[in-house]
Each structure stands twice: as structure tokens, then as C-alpha cells.
> 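Questions regarding the structure given below will be posed in turn.
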There are 2 protein chains.
Amino acid sequence: MAEQAQFEELARQLSAVGAVKRDLARILPHDCPAGSAAVLTLLGRYGSMRMSKLAELLAVDMSVTSRHVAHVAERGWIERSPDPADKRSRILHLTPAGEATLQDLSRRSTELLTERLGDWSDEEVDQLIRLMTRLRASFGDCRTVHPRLSGSAPAEPVPGNPKATVTVASAARAPTIAPVLEQTTRTPA
Amino acid sequence: MAEQAQFEELARQLSAVGAVKRDLARILPHDCPAGSAAVLTLLGRYGSMRMSKLAELLAVDMSVTSRHVAHVAERGWIERSPDPADKRSRILHLTPAGEATLQDLSRRSTELLTERLGDWSDEEVDQLIRLMTRLRASFGDCRTVHPRLSGSAPAEPVPGNPKATVTVASAARAPTIAPVLEQTTRTPA
DNA sequence: TATTGTTATACTCTATAACTATA
DNA sequence: TATAGTTATAGAGTATAACAATA
């Protein structure tokens with residue numbers, strides 16, 4: 001069990017990591033803000049899905065997701081087809097233009113990270129990824145995705161079948177401090 | 001050297017960590033948004049300093065710092081005394097009320113983190129702190145503070161003299177991809 | 001002329017709440 | 001009644017640019 005001083009330092013680091021995120025956001029195309037990039041990235045990684053799934057993955061409210069999705073749809077990067085199984089739902093999927101944009105995004109962020117983290121070892125990057133994944137999981141992130149198994153393993157993209165429609169298994173976690181932790185991404189109406 | 005897939009995963013984790021930050025922000029008092037909390041935390045940790053130093057530590061533009069500082073000053077948590085050495089500057093320092101608020105903030109965040117990270121070991125938390133610190137440093141964060149020495153050690157508060165006015169040693173780093181990386185926290189006018 | 005700090009403006013991201021269409 | 005998604009509104013955070021006072 002860690003001490004108070006450590007927790008305060010961790011809180012400080014979390015607060016300060018915003019500068020890194022903004023640096024990463026600055027290299028995005030002008031018509032593709034970070035929210036749009038996140039939508040494209042998740043659709044590219046996990047394949048077609050419904051709004052509610054995407055909201056879960058983005059870890060933001062459905063209303064926020066709706067805005068981001070509308071933005072990328074306006075630019076023709078995704079399409080929203082009706083869900084035959086539920087007429088209230090829409091299935092989101094990347095268009096070829098969206099795939100192209102995604103590739104551009106990937107190229108840009110990889111270029112920047114290659115520059116910035118040139119002196120990091122493979123293991124160090126991996127460790128940071130693992131710890132951040134675990135951090136999110138520890139925060140009761142029921143939106144943390146386990147595409148294959150709902151075990152305690154960190155979220156990974158579907159390795160061999162990245163285009164399969166995701167079925168998110170909610171991580172079973174009993175919140176203690178925040179008993180009203182939202183189990184959905186929805187604002188109670 | 002890490003691979004592209006790792007960098008993309010890291011970018012994804014950075015994007016997703018926002019949910020953790022928002023969780024942490026939700027427990028703040030209603031009149032103390034995250035920006036104010038950051039100001040108080042840094043003043044408490046590094047002691048009295050000028051606006052420009054604080055902007056450096058916050059890793060945001062001076063104009064943003066000015067707003068945050070105005071907010072906490074309005075609530076009587078800090079005071080802005082004139083700098084005898086430079087009449088343009090103001091020295092920021094916590095008031096007793098600010099110290100009290102800071103203690104409250106510390107208690108709240110510690111409580112939440114103790115809950116959420118109850119099953120983390122001391123070493124794991126430490127490792128995450130180290131990696132995040134290094135991440136910020138790698139991003140040319142010339143605002144990363146090394147109160148004592150400007151070596152490659154992670155930023156730590158001044159251990160024995162937390163109230164000493166900080167003198168930030170700029171991390172010497174030659175940006176390559178972004179040659180116009182701001183060496184100041186200032187928007188070019 | 002350059003620097004410190006403030007203010008005005010605009011943009012992004014977010015949550016809350018109210019609404020519709022469907023289940 | 002409950003759920004999926006949309007939209008309107010408000011709040012926080014940020015950057016840019018223009019400004020005043022001082023160096």
C-alpha cells in the first residue's frame with residue numbers, strides 16, 4: 001500500500017500530463033480535433049460498433065460521443081447505418097476516407113512520439129502502457145474493454161480480428177467510495 | 001526503441017486517462033476547480049513564486065495562469081505581493097486560508113486514491129510516477145522542475161526546504177520536430 | 001525594445017437535462 | 001416504462017492577441 005505523499009505526487013503527475021496531451025493534439029489536422037481523432041482511432045481498432053459502445057470506450061457521456069460522431073460524420077469519415085436489430089441504434093463504421101484520415105493521424109502521432117521517445121526502450125514504453133491501463137482499470141473504469149475475455153488482463157485490441165464488432169464485457173468492480181459510479185455512460189435524465 | 005504499435009497504444013492511453021483526471025476533479029470543492037487546485041498545490045509544494053514560474057510549473061500559458069491565480073486570489077487563498085526587485089512582477093504566496101484549503105484538497109485526493117489504488121504496491125505507484133515524470137521530460141517539457149539539481153532525476157519537491165522560492169533550471173533539450181517549441185510559457189505577442 | 005502580467009475573445013471538451021423514437 | 005440517441009445549454013480549460021506598466 002502506497003503512502004499519502006505518493007498519492008499526492010501521482011495526482012500532480014496526472015494533472016501535469018495534460019501538457020503532453022496538448023502537445024499531441026497540436027499536430028492534428030485542423031479539421032480533426034482530438035475528439036474526432038479518438039472516434040476514428042477506436043473505430044479503426046475495434047471495428048464497427050454502436051454509439052453506446054463507443055461512448056463506453058471513449059469514457060465520456062453519450063451526449064459528448066454524439067457530438068464527436070456528428071463531426072466526423074459531417075466530414076464523411078464515418079457512416080451511421082441503421083441497426084436492423086434495434087431501430088433506435090445506429091452502427092458506426094469507417095468510410096475509406098475515414099481510413100485514410102486515420103492513417104494520416106497514425107503517421108503524425110507516431111512521428112511525434114518517435115521523436116520525443118526516441119531514447120525510451122521497448123520495455124519502458126510497454127511498462128508505462130501497462131501501468132496506465134491498470135490505473136484506468138483501478139478507477140472503476142467499467143468502460144475498460146476486454147474484447148476477448150473479461151479477465152483482469154489489460155485492454156488490448158482484438159489481435160487477429162480487429163474488425164469484429166466488439167462486445168464489451170463490463171469489468172465487475174464494486175465501487176466503494178463512489179457507490180453511484182455510473183454503470184452506463186448515460187446521464188440520468 | 002519502441003515500435004509504432006506501442007506508440008499508438010500509448011497515445012490511446014494518454015487520451016483515455018482523461019477519465020481518471022475527471023474522476024479526481026469531481027471530488028473537489030465546488031468553488032475550487034482543478035485549475036485552482038493546481039495553483040494551490042504548486043504553491044504549497046514549491047513555496048512562493050512569481051507568475052511566470054507558476055506558469056512554467058503548470059505548463060500552461062501565462063494568460064491561463066493569470067486567470068487561475070485571480071480565481072484563488074478572489075477567494076483569499078493566496079496573496080499577490082509586489083516584487084521589490086521588479087515592479088512588474090508579483091510574488092504569490094499562500095494565505096492561512098489557502099493552506100487550510102490545500103489540506104482539504106490533499107485529504108480528498110488521498111482518500112480517493114487510497115480507495116482506488118488500494119491494491120497497488122508502493123513500488124508500482126512509484127514506477128508510474130517515475131514513468132510519467134520521464135514522459136513529461138521527454139516531451140521537451142522545459143517546465144519540468146528540478147528544484148535542486150538540473151540532472152535527469154525526476155522532479156521532486158524540495159525535500160528539506162519546501163518553502164524556499166524556486167529557481168527553475170531549464171532542462172536543456174534541443175527540440176527537433178518542433179523547432180519552435182516554446183522556451184517560455186508566453187504567447188508571442 | 002523587451003518583458004511581466006492582465007484582459008478579451010474564441011475554441012474544445014465535458015456534463016446535465018430535455019426531447020424523440022423505439023423497445 | 002425503460003433505453004438509444006440527439007440537441008441545447010452551461011461550465012471549465014486552453015491559446016491567441018492586444019494591451020499597460022516596467023525594465
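Order of the sequence lines fixes the chain letters, A, B, ..., with proteins taken first and strands second; residue numbering starts at 1 for each chain. Just so you know, these numbers use all the heavy atoms, side chains as well, and skip hydrogens, waters and symmetry mates.
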> Does A:Q127 have more than 12 heavy atoms from other residues, nucleotides or ligands lying within 6.0 Å of its CD?
yes
> Between B:L28 (CG) and D:dG11 (C1'), how many Å, whole number?
14 Å
> Look at the side-chain N and O atoms of A:R22 and state whether any lies under 4.0 Å from the OP1 or OP2 oxygen of D:dT14.
yes
> If only side-chain N and O atoms of A:H68 are considered, is one of them under 4.0 Å from the OP1 or OP2 phosphate oxygen of C:dT12?
no
> Rounded to the nearest angstrom, tell me the gap between atom CZ in A:R88 and atom C1' in C:dT20.
12 Å
> Rounded to whole Å, please give me the gap between NE2 in B:H30 and C1' in D:dG11.
13 Å
> Before accepting this row, confirm whether a basic side-chain N of the pair A:E111/A:R107 lies closer than 4.0 Å to the acidic partner's carboxylate O.
yes
> Ignoring backbone atoms, establish whether B:R90 has a side-chain N or O less than 4.0 Å from OP1 or OP2 of C:dT6.
yes
> Using a heavy-atom cut-off of 4.0 Å across all strands, would you classify B:S89 as base, sugar-phosphate, or nothing?
sugar-phosphate
> Salt bridge check, A:R130 against B:E124: does any charged N sit closer than 4.0 Å to a carboxylate O?
no
> Choose from D:dA23, C:dT6, D:dT6 the nucleotide whose nearest atom is closest to any side-chain atom of B:M62.
C:dT6
> Counting the atoms with a prime plus P, OP1 and OP2 as sugar-phosphate, which does B:D83 contact under 4.0 Å by heavy atoms, base, sugar-phosphate, or nothing?
nothing
> Is A:R50 close enough to D:dA4 that one of its side-chain N or O atoms is under 4.0 Å from OP1 or OP2 there?
yes
> Whether the B:E99 and B:Q103 side chains hold a donor-acceptor pair (N or O, under 3.5 Å, no angle test) is what I'd like checked.
no
> Report the nucleotide, chosen from C:dT6, D:dA15, D:dT9, that has the shortest atom-to-atom distance to any side-chain atom of B:V60.
D:dA15
> Report the distance from atom CG of A:L24 to atom P of C:dT12, rounded to the nearest whole Å.
18 Å
> Does any donor-acceptor pair link the side chain of B:S63 with the base of D:dT16 at a separation under 3.5 Å?
yes
> Taking atom P of C:dC11 as reference, at what distance in whole Å does atom CG of A:D31 sit?
15 Å
> Considering only side-chain heavy atoms of A:R26, which listed nucleotide, C:dT6, D:dA15, D:dG5, is closest?
D:dA15
